[in-house]
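Notes follow the structure.
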Amino acid sequence: MLESQELKPQNPYEEAVNQLKAAVNFLGLEEYIFEVLKQPERVIQVGIKVKMDNGKVATYLGWRSQHNSALGPYKGGIRFSLNVSVEEVIALSMWMTWKNALAELPYGGGKGGVKVDPSKLSQGELEKLSRNYFRAISEFVGVDKDIPAPDVYTNSQTMAWFFDEYSNKLGYPSFGVVTGKPKVLGGLDIRTISTGLGVAITSKEVASVLLNGIEGKTIAVQGYGNVGYYAAKFLSEMGAKVVAVSDSLGGIYNERGLNPDEVEKTKKERGSVINYSEAKKISNDELLELKVDLLLPCAIEGVINKENARRIKAKVIVEGANGPVTTEADKILWNNGIVVVPDILANSGGVIASHIEWVNNRVGEWLSEEEAQERLKLKIVNSTRKVVDFWKKSNVDMRLAAYSLAVKRVVEAMKIRGWI
Ligand code: NAD
């Protein structure tokens, strides 16, 4: 769970539209296709009433944006955060369309959010908010309609409430309506490690093409949460040297390499990675500017921007977080020969694991964790190779290459369905 305020690009929707425009131009598609894809198919806004512990009724605003369903039912997380806005939810739903298309999952893109500071709510109030939000959007979600999942400040418990509320409405259990559920309700343990594992596998694949392999390569990870910790752990197991990590309180550096599990233990027991004794303390800005082979921003949006992009010395940046590199920074990095592996590829492990959970739920079979992990690995390796191969031929940055592949797939589905 993110602990600090998120930095945001000025307007995430504008950013998403600009990225779409670049892909549409690169593919030579007609203007009307851009106009179609720019708009979400549906945005639901709900006012959610919650009877608080003090007896008063509070109202929260919530949204679900359903961007595109050409390839299948909408899929994407739901976040609870004070930073949520309708523009952000629409942008995130568009990014999910591309992420799902790139991974060749049978899903369109969706995203939801409730404008609330969940840390101010009791567990009981949070449950009521979750149930009331889901009930309010229930007519628009479903196993074959729209399948939400956890995102910032929501988790498997939230999904259990969503699942229960929806099943109560139907009158029977509908396991596949949400993913990221607790194991006892058909969830998979690999969901926890999936995004970080995916970031590690993508890093390894890209390193094998650009850096002559991952073994011995130096890594800096900004944001030592779910994504950052597992990315560091798996990269370390692959033979890379994690020299620096950070969280919202600051960073640590040891040129001989850090032990990811020991650092995680320190963070759990003493609140932050900065309390790890066998390393030098550094700031988050210093971490981003380290001379390392791979830099993994795994915390928040917009951390690599026009202010610091010229000072980045990493050879490759792998976006574990959503949107950590701004469009302006992208251009500077590209001119400086720094390769950015885009979020829609690098952090797709989470939604790929969600798909495995959804398939499991639908066929009523519980795949073993090992089998699920093998499927996840294979899918990420294939996705990465596909993007890297296309990128090498295309002479544009890897983000544009990945977006173009994704947009092309969605447009093909829209054409063949007769939508355009
Ligand atoms: P998390 O809350 O588990 O971890 C975030 C970490 O970032 C924490 O250690 C926090 O201290 C740190 N952090 C916050 N602000 C920071 C700052 N200014 N500087 C340095 N560190 C800072 O969150 P997460 O689930 O790991 O998600 C991280 C990012 O990855 C988000 O952008 C999220 O949208 C994206 N993402 C997550 C998943 C997933 O499955 N968890 C999937 C796809 C994308």
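No experiment lies behind these values; they were computed from the predicted model shown. Numbering of ligands and ligand atoms starts at 1, following listing order. By convention here, the first residue in the shown sequence is residue 1.
The heavy atom nearest to atom 9 (O) of ligand 1, out of those in W95, Y230, Y224, is found in Y224. Nearest to atom 11 (O) of ligand 1 by heavy atom, out of P324, G302, S248, is S248. Closest to atom 27 (O) of ligand 1 by heavy atom, among V273, V351, N322, V227, is V227. Closest heavy-atom approach to atom 30 (O) of ligand 1 among the candidates S354, G251, S283, A321: A321.
Residue N347 places no N or O, backbone or side chain, under 3.5 Å from any N or O of ligand 1. Ligand 1 has an N or O atom lying under 3.5 Å from an N or O atom of R191, backbone or side chain. For a threshold of 3.5 Å applied to N or O pairs, the pair formed by C298 and ligand 1 contains no separation below that value.
At a heavy-atom distance under 4.0 Å, only side-chain atoms of T195, from C-beta outward, approach ligand 1. Heavy atoms of E301 found under 4.0 angstrom from ligand 1: none, in either backbone or side chain. At a heavy-atom distance under 4.0 Å, only side-chain atoms of N284, from C-beta outward, approach ligand 1.
Neither side chain, T218 nor K241, offers a donor N or O lying under 3.5 Å from an acceptor on the other. Side-chain contact, N308 with E289: no donor N or O sits under 3.5 Å from an acceptor N or O. Side chains of Y403 and Q19: a donor-acceptor N/O pair is present below 3.5 angstrom, by distance only. Between the side chains of S69 and E41, a donor-acceptor pair is found at a separation under 3.5 Å.
Taking NZ of K331 as the reference point, atom CG of N336 lies at 14.0 Å (rounded to 0.5 Å).
If you number the atoms of ligand 1 from 1 as listed, the ones under 4.0 Å from a heavy atom of D247 come out as 9 (O), 11 (O), 20 (C), 21 (N), 22 (C). In the vicinity of Q222, heavy-atom distances shorter than 4.0 Å reach the ligand 1 atoms 19 (N), 20 (C).
Residues I344 and W95 approach most closely at CG2-O, 3.9 Å, considering heavy atoms.
The environment of K313 atom NZ is dense: over 12 non-hydrogen atoms of other residues, nucleotides or ligands sit within 6.0 angstrom.
Distance alone, capped at 3.5 Å, is enough to place a donor-acceptor pair between the E125 side chain and the S122 backbone.
A salt bridge links D164 with R131; the closest basic N to acidic carboxylate O contact falls under 4.0 Å.
Not a single heavy atom of G350 lies less than 4.0 angstrom from ligand 1.
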